[in-house]
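Report on the structure given below.
Worth knowing before you read on, the calculation uses all heavy atoms, side chains too, and leaves out hydrogens, waters and symmetry mates. Just so we're on the same page: letters track the sequence lines, and every chain starts at 1.
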Amino acid sequence: MPVEPPVESPRLLADAYAMIAAGSWRPIAGGTDLLVQITGELGPPPEQVIDLWGLDELRGISVSDGWLTAGALTTYSALRSSAVVRDHLPVLAEAAATIGAVQIQNRGTIGGNIANASPAGDSLPVLLATDAVIVLGGTRGERDVAASVFFTGYRRTARADDELVIRVRFPLPAGRQVRFRKVGTRRAQAISKVVLALSWRTDDEGRWRDTRVALGSVAERPIRSGAAEAALEGALPTRETAAATAAAVAAEIKPIDDVRSTAAYRRAVTAKVLHRLVRDAGGW
Amino acid sequence: MSLVGSYRFLLNGEPIEVGVPGMRRLLDVLREDLGLTGTKEGCGEGECGACSVLLDGAVVDSCLVPICQVDGHVVRTVEGLALQADRGARLSPLQAAFLETGGAQCGICTPGMLMSAVAYLDRGGGPDEDAIREAIAGNLCRCTGYTKIVEAIALAAETGSRPMKD
């Protein structure tokens, strides 16, 4: 039997803030990661747990002033079925659909994916590629942290122990294109071998601007590839650009061999997927 | 803070109250505390779907849901599928379809398959094979090769498995 640490289920966000300010609590949202960890097989289980599931203040998806905002407890199923997401940021619904299967999508949350900070977290490259802002809250108030600086190391983030991930905000600039690809062993229930998000807008001459290349499962944390972005920025989506971008990303990343894949495969498939995305955009 | 809490929920239409640790898995409450062993444990980590139940009509892995998150909610398990009739229980159209097509072999995956299929059909899912395969993508079967399970769900969709009450 798994261990059963003590748990408290506050109903108000302010009560949750007070609890985590006063003691050390492990947050649980949808439980799809934490309930695996209470078996104790993956390291010491948490000593006490704060259950966030009842905090309805952390639910809801909305759009205003050019930003899409999703509460931390927004499930992948809610992202998939949201007309707001499909209209304004369809790549987020697309990524949510690749995570686990129905059972996981019904419980797993975007806030949990962010706070858990797995290098293979499938929504995280989307956050990086879209310049998302993660909002943290606690008794000291709320603060915004750019996704680009939120993930600081292997399962380490900018969140302090007395803070919760409360929502994530996505800017919605006009003309931005975003693409997402996940490579796993099978379409459902697979932890990614490589997960990739690409975004750009096209200027009047057809050149790519504000290009972002974000990758998961190829480093100790979700990363952006500066070399691939440099190869794409200001370029036309030509064969030469695709080849240079693929070479740049392959040279830059340092994936590892593990139970799910090999460094060589991850490097090769990252380059290939990126090449394909540029080719598709170029229409050649 | 006490380790054991009191949690109330609706289980297959019946109000239930249990006094258990809040982080106890719904799976363990069903099997160990309530004696409902129809729900199976396979992997215990959300990979195999053998422990699938419906929580507020949505299919979940009961090995990943702590009982504290079930308080005040509605649970359906495989034990709640058969229709209660005057002359005893009879199988639901979906269960009958699994028998008809040979959609079960060893049986360990069957309760979870049924619950994923119920969630799919209750949302208006039809006999489309791709949609059925996505609906059961979180349920592993090591015997059938899935074909007969997909056929069973398609048959139930065609013969009309109407949504069932809580």
Point to revise | A/Glu47 CD: over 12 foreign heavy atoms closer than 6.0 Å | key: no
Exercise for review: Step through the shown structure and confirm whether more than 12 heavy atoms of other residues, nucleotides or ligands are within 6.0 Å of CG on A/Asp87.
Suggested key: yes
Exercise for review: Would you confirm whether B/Gln69, through its side chain, and A/Gly54, through its main-chain N or O, come within 3.5 Å as a donor-acceptor pair?
Suggested key: no
Point to revise | Taking every non-hydrogen atom, the tightest pair across A/Pro2 and B/Asp28 | key: CD-OD2, 4.0 Å
Check your understanding: With a 4.5 angstrom heavy-atom cut-off, which part of B/Ala119 approaches chain A: side chain, backbone, both or neither?
Key -> neither
Point to revise | A/Ser9, part contacting chain B, at a heavy-atom distance under 4.5 Å | key: side chain
**Study point:** Contacting region of A/Val102 [heavy-atom separation from chain B under 4.5 Å]
**Key:** both
Point to revise | Nearest atoms (heavy-atom pairs only) where B/Pro66 meets A/Ile28 | key: CG-CD1, 3.9 Å
Point to revise | Under 4.5 Å from any heavy atom of chain A - which part of B/Leu140 | key: side chain
**Study point:** Donor-acceptor pair, side chain of A/Asn106 and main chain of B/Val60, under 3.5 angstrom
**Key:** no
Practice item. Would you mind checking which part of B/Cys63 comes under 4.5 Å of any heavy atom in chain A, side chain (CB onward), backbone (N, CA, C, O), both or neither? Key: backbone
Check your understanding: Near A/Arg155 CZ, under 6.0 Å, is it more than 12 heavy atoms from other residues, nucleotides or ligands?
Key -> yes
Point to revise | Greatest number of heavy atom pairs closer than 4.5 Å to chain B - which of A/Ala97, A/Pro5, A/Ser77, A/Gly100 | key: A/Pro5
Practice item. Please determine if A/Arg186 and B/Glu47 form a salt bridge, counting it only when a charged side-chain N lies under 4.0 Å from a carboxylate O. Key: no
Check your understanding: Between A/Leu35 and B/Met23, does a side-chain contact (heavy atoms from CB on, under 4.5 Å) hold up when you go through it step by step?
Key -> CA-CA 9 Å; A/Leu35 266 285; B/Met23 283 299 288; 4.1 Å; yes
Review point. Between A/Gln37, A/Gln105, A/Gln103, which residue shows the highest count of heavy-atom pairs closer than 4.5 Å to chain B?
Key: A/Gln103
**Study point:** A/Ala190 versus chain B, the contacting section by heavy-atom distance below 4.5 Å
**Key:** neither
Check your understanding: Where does B/Glu41 contact chain A at under 4.5 Å (heavy atoms): side chain, backbone, both or neither?
Key -> neither
Check your understanding: Between A/Arg107 and B/Leu64, does a side-chain contact (heavy atoms from CB on, under 4.5 Å) hold up when you go through it step by step?
Key -> CA-CA 9 Å; A/Arg107 297 302 282 186; B/Leu64 297 183; over 6 Å; no
Study note, to complete from the structure: With chain A, the option among B/Cys68, B/Gly22, B/Ala135 that has the most non-hydrogen atom pairs under 4.5 Å is B/Cys68
